[in-house]
Amino acid sequence: MTVLQQTDERPIGRQALRNALSERVLAVPAESLRRDPAGYHKRAYVRLIADAFGADLLRFRNEAGAIRDVLLLEPSLVLTFNIPWYDRYSDWLIRVLPESTRLVTIHDDCRRQMHPALAAVLDRSDAVIAPIREPVLRNEQFPGISRKFWRLPYFVPGDAPHYAVNSQAQRKCVVAGATGPKYRLRTKALRELPQSLIARLPHPGYWRASYREATVGAAYFEFLNNHVCGLTCGSTYGYVVMKYLEIPYCGALLIAEDLPDLAEMGYEAGTHFVPVDQETNLGRLVGEVCSCPTAFRRVRESGQKLVEQRHTEQARWRDARRMAAEILRTLGLPLTPSESSEGP
């Protein structure tokens with residue numbers, strides 16, 4: 001993948017773009033990658049898809065001018081990442097995009113209400129790639145999305161440390177991430193579980209200074225491995241958050257809300273995770289898990305094996321290559337993903 005980086009001191013001219021770009025291009029508003037921490041899973045998600053299409057990745061300070069220069073070259077295919085949430089680009093992108101250019105939108109934040117600018121971009125898009133299915137397809141504000149929707153779930157990054165199931169793990173339940181009205185099951189856990197059974201990790205705040213002191217990256221995976229179980233939910237939007245992958249990958253027992261997308265990802269309740277809902281007596285369940293971890297070891301091992309086999313970066317790379325090839329065939333483009341790119 002070619003990565004073109006523009007700074008105020010080092011602008012990129014049109015000829016440099018012409019020399020560097022292939023017939024495909026990934027145009028990304030700078031904020032959507034620049035502001036995210038290096039280990040943030042969205043960075044890996046975007047790069048994996050870009051590699052699968054054999055696309056060039058653009059990161060510019062002056063996005064509007066840079067994207068306009070790229071589009072003047074009339075590329076066969078443009079991929080965009082979350083552009084609809086940057087209102088100053090959305091309608092503008094639709095106006096300047098050549099009619100002959102196919103548009104593929106990578107839309108990973110499908111929780112929000114449909115904004116008119118987003119609807120316009122999705123309507124113009126020839127394909128929409130997202131990590132979750134149900135919250136997208138059931139959005140009544142855009143009923144036509146199902147015919148152009150492609151699902152590529154998140155994955156455990158390739159540099160994540162690997163651990164065996166820890167038989168000496170602390171007998172506590174990890175409750176990590178945001179809480180409140182949108183994450184009712186996590187909030188219920190903090191309210192109902194005795195403090196002696198809770199290992200709390202607040203949301204790290206990706207773009208705040210506190211992120212540098214938060215338990216993230218390798219330290220986060222080690223933290224999960226050092227505890228018997230972890231509890232999470234799909235929020236009020238009902239989507240598979242990263243914790244559905246991270247907790248079992250680290251050998252901890254996944255205690256979580258069952259979601260429609262999980263079955264397609266290979267998850268079976270009772271086999272790979274312990275399902276719970278708002279009616280579950282969490283104090284009793286977590287108490288049982290922590291008092292007798294060996295009774296749940298088989299579920300821990302099965303959950304870890306599932307993620308290792310189907311939801312690592314290497315596994316998702318194969319999925320992404322197949323998806324990219326199928327999208328290109330569907331769009332009738334005489335392009336194939338770069339054969340020279342071996343992936344992660």
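Throughout, residue positions are numbered sequentially from 1 according to the sequence presented.
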Checklist line | Single-linkage hydrophobic cluster V165~L306, side-chain heavy atoms < 4.5 angstrom | finding: no
Check: Which heavy atom in C290 sits nearest to a heavy atom in C173, and how many Å separate them?
Finding: SG-N, 4.5 Å
Checklist line | Side chains of L254 and T232 in contact at under 4.5 Å (non-hydrogen atoms) | finding: yes
Notebook entry, point to check: In chain order, what residues pass the side-chain contact (heavy atoms from CB on, under 4.5 Å) check against A218, with sequence neighbours excluded?
Noted result: P161
Next item on the list: Without swapping roles, check the side chain of E313 against the backbone of G158 for a donor-acceptor pair under 3.5 Å.
Entry: yes
Note to self: I need the minimum non-hydrogen distance between W150 and M323, along with the two atoms involved.
What the structure shows: CE3-CG, 3.9 Å
Notebook entry, point to check: Can you list the other members of the hydrophobic cluster that holds L282, where links are side-chain heavy atoms under 4.5 angstrom apart?
Noted result: V175, L185, L190, L193, L197, I198, V228, L231, L253, I255, V274, V276, L285, V286, V289, F296, V299
Item checked: Test side chain to side chain donor-acceptor pair (under 3.5 Å) applied to R171 - qualifying residues, sequence neighbours left out -> none
Checklist line | Short side-chain to backbone donor-acceptor contact, R200 and G177, under 3.5 Å | finding: yes
Checklist line | Residue list, salt bridge (charged side-chain N to carboxylate O under 4.0 Å, His left out) with R316, at least two apart or on another chain | finding: D319
Notebook entry, point to check: Which ring-ring contact (aromatic ring centres under 6.0 Å, His included) pairs, counting each pair once, include a residue from residues 156-177, with sequence neighbours left out?
Noted result: H162-Y249
Next item on the list: Could you tell me whether R151 atom CZ has more than 12 heavy atoms of other residues or ligands within 6.0 Å of it?
Entry: yes
Next item on the list: For Q304, enumerate each residue passing the side chain to side chain donor-acceptor pair (under 3.5 Å) test, keeping only those at least two apart in sequence or located in another chain.
Entry: none
Margin query: I want to check something: taking the side chain as every heavy atom from C-beta on, are L262 and F273 in contact at a cut-off of under 4.5 Å?
Written below: yes
Notebook entry, point to check: When you check the gap from the basic side-chain N to the acidic O, do K243 and E246 get nearer than 4.0 Å?
Noted result: no
Margin query: In the structure I gave you, are the side-chain heavy atoms of D261 and Y239 within less than 4.5 Å of one another anywhere?
Written below: no
Margin query: Would you compute the distance between atom CG of N226 and atom CZ of F221 and round it to the nearest 0.5 angstrom?
Written below: 13.5 Å
Checklist line | salt bridge (charged side-chain N to carboxylate O under 4.0 Å, His left out) involving D126 - partner list, sequence neighbours excluded | finding: R102, R124
Item checked: Qualifying side chain to side chain donor-acceptor pair (under 3.5 Å) pairs, either residue in residues 187-197, two or more places apart -> K188-E192
Notebook entry, point to check: With a 4.5 Å heavy-atom cut-off, do V240 and Y154 have their side chains touching?
Noted result: no
Item checked: Value rounded to 0.5 Å, distance of CD1 in I49 from CH2 in W317 -> 11.0 Å
Next item on the list: Determine the minimum heavy-atom distance between V241 and C233, stating which atoms define it.
Entry: CG2-O, 3.7 Å
Margin query: Do I106 and L152 make a side-chain contact, defined as non-hydrogen atoms from C-beta onward lying under 4.5 Å apart?
Written below: no
Check: For the atom pair NE2 (H227) and SG (C250), what is the distance rounded to the nearest 0.5 Å?
Finding: 12.0 Å
Next item on the list: Using the test side-chain contact (heavy atoms from CB on, under 4.5 Å), find all partners of K182 that sit at least two apart in sequence or belong to another chain.
Entry: T236, Y237
Note to self: So, using salt bridge (charged side-chain N to carboxylate O under 4.0 Å, His left out) as the criterion, who are the partners of E222 when residues are at least two apart?
What the structure shows: none
Notebook entry, point to check: Can you name the nearest heavy-atom pair linking R300 to P293, along with the distance?
Noted result: NH1-CB, 4.2 Å
Margin query: With heavy-atom distances below 4.5 Å as the criterion, would you say the side chains of L259 and I132 are in contact?
Written below: no
Checklist line | Nearest non-hydrogen partners of P153 and M265, listed with the distance | finding: CB-CE, 4.1 Å
Checklist line | All salt bridge (charged side-chain N to carboxylate O under 4.0 Å, His left out) counterparts of R297, not counting sequence neighbours | finding: E301
Notebook entry, point to check: Tell me, do L201 and Y220 make a side-chain contact under 4.5 Å, heavy atoms counted?
Noted result: yes
Checklist line | pair S302-E268: side-chain heavy atoms closer than 4.5 Å | finding: no
Note to self: Does anything in residues 276-290 form a side chain to side chain donor-acceptor pair (under 3.5 Å)? List the pairs, not counting sequence neighbours.
What the structure shows: D277-T280
Next item on the list: Take L77 and V104 through the side chain to side chain contact (heavy atoms under 4.5 Å, CB included) test and state the conclusion after the steps.
Entry: CA-CA 7 Å; L77 176 69; V104 175; 3.5 Å; yes
Check: Hey, does the side chain of N166 reach the backbone of N225 with a donor-acceptor pair shorter than 3.5 angstrom?
Finding: yes
Check: In Å, rounded to the nearest 0.5 Å, how long is the span from NZ of K172 to SG of C229?
Finding: 11.5 Å
Checklist line | Straight-line distance of K148 NZ to L331 CG, nearest 0.5 Å | finding: 10.5 Å
Next item on the list: Check A52 against A324 and note the closest heavy-atom contact, atom names and distance.
Entry: O-CB, 3.6 Å
